Q: 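Next up is a structure, given as C-alpha cells.
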Amino acid sequence: MLAKLIVIFCVGVTLAAAAIELNPSRPLLFGTNRLIPRVATNQENNGTDSSTVWNEFLVRQSQTNPQNRIFFPIRYVSNYQYYQRGGPLFLFIGGPWELQQHLVEQGHFVDIAKNMSAYLVANELRYYGESIPVADASRSNLRYLALAQILPDIASLINHLKYDVLRDPEARVILAGVGFSASIAQWARKRYQHLVQGVWSSSGMVEASTDFEEFSEVVGRNIRRFGSDECYNTIFQGFGVAENLIDAGLSSTLDRMFNVCSPIKSEDSVEVEAFLNGIFNEIASQAVSVNLRETIDQMCQVLTDPDQPNGLTVLSEWLTGRFPDADCLVMDFESIIEAYQVTNWEDEMLRNGERQWLFQRCTALGWPLTSRSPDQPFGRRITSNLFMQICERLFDSWLSPEVFNSLVRDTNMLLGGDSPDVQRVYYTRGTLDPWRFVGVRNAYGDSYIRTIENVSHGEELDSISEDDSDALRSAKESVAREIRRWINQNPDPQPPFSEV
Ligand SMILES: *[C@@H]1O[C@H](CO)[C@@H](O)[C@H](O)[C@H]1NC(C)=O
Ligand SMILES: *[C@@H]1O[C@H](CO)[C@@H](O)[C@H](O)[C@H]1NC(C)=O
Ligand SMILES: *[C@@H]1O[C@H](CO)[C@@H](O)[C@H](O)[C@H]1NC(C)=O
C-alpha cells in the first residue's frame, strides 16, 4: 500500500534540464524549457501489464495537400484494462516528448477512465519519438510540423479508434493534455466538436506571444516563496553586477568566474544576452519543475551562504558547481546554433525533441522568455531579440523578426488566443506555474477555469492523494465530476433541422 502511494506521487511533469549535456565536459547552457510528463517509476506496472499495448497508425505526411500520397506511422499506446463495451474513449494527447506509457497507466485521468469503464489511449505527436514523417530534420523538412497538420492527425486517430478498434461509432471521446498538448486537445475540440465531447486542459498554453515577460516574474516569486527574500536579492545583485562589468568593459572577469568556453563578446548584444540567458535558464529550471520546493531550497542554501562576499561570486560558484565534470561552460550564440542545426534523427537533439520544439516556437508559438519586467531578479538585458536571432539563423533567413511577429499573431488570430470560445473544456492550472500566463483568460458556456493555489505545472494530473490540499483535491474531484457529466449527457445539441 505504501509502495502504491509513493508510485502515484511520482507521476507528474518535469522540466527537461535547462542545460544540454551531450558532452559533459562542455555543457551547453541553453534549453527550450520543454516540460515533459515525468517517466513513471512504477515497478509493478511499467510494461509488464498485458492490457497495455503499443500500436501504430498511418497518417498522411501532408494533411493539407491531397496530391501528397505519402503516409507515415504515428505511435500510440492503449490500455483496455478498464474498458467495457459502450464505454467512452479517453485520449491523452501527445506533446513535445517521446510517447510515455505511464500516461495510460497512472494518474487522475486514468483513475477517471477506470471509474467510467473507458478505453485509454495516449498518442505521440508527429515529429517526436518515432512518429517521424520525413527522412531527416533539415529545415525544409520541418514544414509538416504545424498545427494545420497536427489537428487532422488527432481527428484521423479518433476515427480510427472509434471505427476500427472499438467498432463503436457512438463512443464518446474525452481528451486530456498538459502544457502544449493541452492546447492541441482544446483546439481539436474547437475544430472537431462532432468528434470530441470534452477536454481536460492542464496548464494549457494557448496564447502565442512574442515576449513572455511574466515567466521570469513567477520564477522570482517562487524563489522568494520556497527560498527566501535574501536568495532573490542575491540573484538580483549578481545579475546587476554582471551587467555593470560588461558595460565597464570588464567581461573578462565574468569569463573567469563563470569558466566560459569562449570569452563573452561584450560588444555584441546578442552574445551578452546568450550569456545572461544561460544563467537565467539554469536558475529557472530549478524554479518551475514539479519538485520545485526542494530544488529551490537546495539552490538557495548555496546562494545565501554567509561566507560568500557578494551575489555575483556566489552565483558563479553555484552555476559552475552544478557541472563538476565540465572543463568549461558553453554560453555563446554560435555554439547554440551549432548544437541545434542537426538533421539526423539519431542525433540526441532530435531524439529529445529540442530542435523540433524550438522550430514550433519559432514558427508559430513564440514565448521568448525575457527579463524586461521590473518585477524579477534577472537583470534587464534578456530580450526577445536573442530568441528571434536564433530562429532566423537556424530556420532560414526568411524567418526575420517581422515574419516571426506576424506568425505569432496569425496563430492567435486563427485559434483565438487567450479567449478561444470553446465549450466543455475544464482548464486547471497551478499558481506556481509560470506558463499559466499564456493560458486561457475567458471561459465560455460550460467551460471552467480553475486556478489552484500552491500547485506547479501539471501537478494536478497526479492521482488524488491524502497529501493533496483541500483546494487541489476539490479541483480533481470537480474535473472527474465534469467529465462524468459530459459522458452521461446527451450529445451536443444540434441546430433544429429545417427544410428549405
Ligand atoms: C519494469 O519493471 C521490471 C520489474 O517488474 C524491471 O525489471 C524493469 O527494469 C522495469 N522497467 C523500467 C523501464 O522501469
Ligand atoms: C465512479 O465515481 C462515482 C463518484 O465518486 C461513484 O459514485 C461510482 O460508484 C464510481 N463508479 C465506479 C464504477 O467506480
Ligand atoms: C504547498 O504544497 C506542499 C506540497 O504539496 C505542501 O507540503 C505545503 O504544505 C503546501 N503549502 C501550503 C501553504 O499550502
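Source: prediction; values computed, not measured. Ligands are counted one by one from 1 in listed order, and the atoms in each one are counted from 1 as well.
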Q: Would a 4.0 Å cut-off, counted as strictly less than, catch a protein heavy atom around atom 14 (O) of ligand 2?
A: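 Protein heavy atoms within 4.0 Å of atom 14 (O) of ligand 2 - there is at least one.
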
Q: Salt bridge or not for E56 and R75, using N-O below 4.0 Å?
A: no

Q: Would a search of protein heavy atoms around atom 9 (O) of ligand 2 find one under 4.0 Å away?
A: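 Answer no: nothing from the protein, no heavy atom, is under 4.0 Å.
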
Q: So, is N454 polar-close to ligand 3, with some N/O to N/O distance under 3.5 Å?
A: yes

Q: Just let me know how R484 lines up against ligand 2, side chain, backbone, both or neither, with a heavy-atom cut-off below 4.0 Å.
A: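 For R484, only side-chain atoms sit under 4.0 Å from ligand 2.
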
Q: Is R293 touching ligand 3 with its side chain, its backbone, both, or neither, if touching means heavy atoms under 4.0 Å apart?
A: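 The answer is the side chain of R293.
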
Q: For the pair D468 and R473, find out whether any cationic side-chain nitrogen is under 4.0 Å from an anionic carboxylate oxygen.
A: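 Not counted as a salt bridge, because no side-chain N and carboxylate O are separated by less than 4.0 Å.
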
Q: Are there more than 12 heavy atoms of other residues, nucleotides or ligands under 6.0 Å from atom NZ of K190?
A: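 Result for NZ/K190: enclosed.
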
Q: Can you list the steps and then say if E317 with R322 is a salt bridge (Lys or Arg N to Asp or Glu O under 4.0 Å)?
A: CA-CA 9 Å; E317 292 197 350; R322 287 183 58 73; over 6 Å; no

Q: Is the shortest distance from a Lys or Arg side-chain nitrogen in R34 or E354 to a carboxylate oxygen in the other one below 4.0 Å?
A: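 Here R34 pairs with E354 in a salt bridge, since their nearest N and O are under 4.0 Å apart.
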
Q: Between N488 and R172, is there a side-chain heavy-atom distance shorter than 4.5 Å?
A: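 Result no, sub-4.5 Å side-chain heavy-atom pair not found.
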
Q: Under 4.0 angstrom from ligand 2, any heavy atom of E477?
A: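 In this structure, E477 fails to qualify as a contact of ligand 2 - no heavy atom is under 4.0 Å.
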
Q: Where is the nearest protein heavy atom to atom 11 (N) of ligand 2: which residue, which atom, and how far?
A: N115 ND2, 3.0 Å

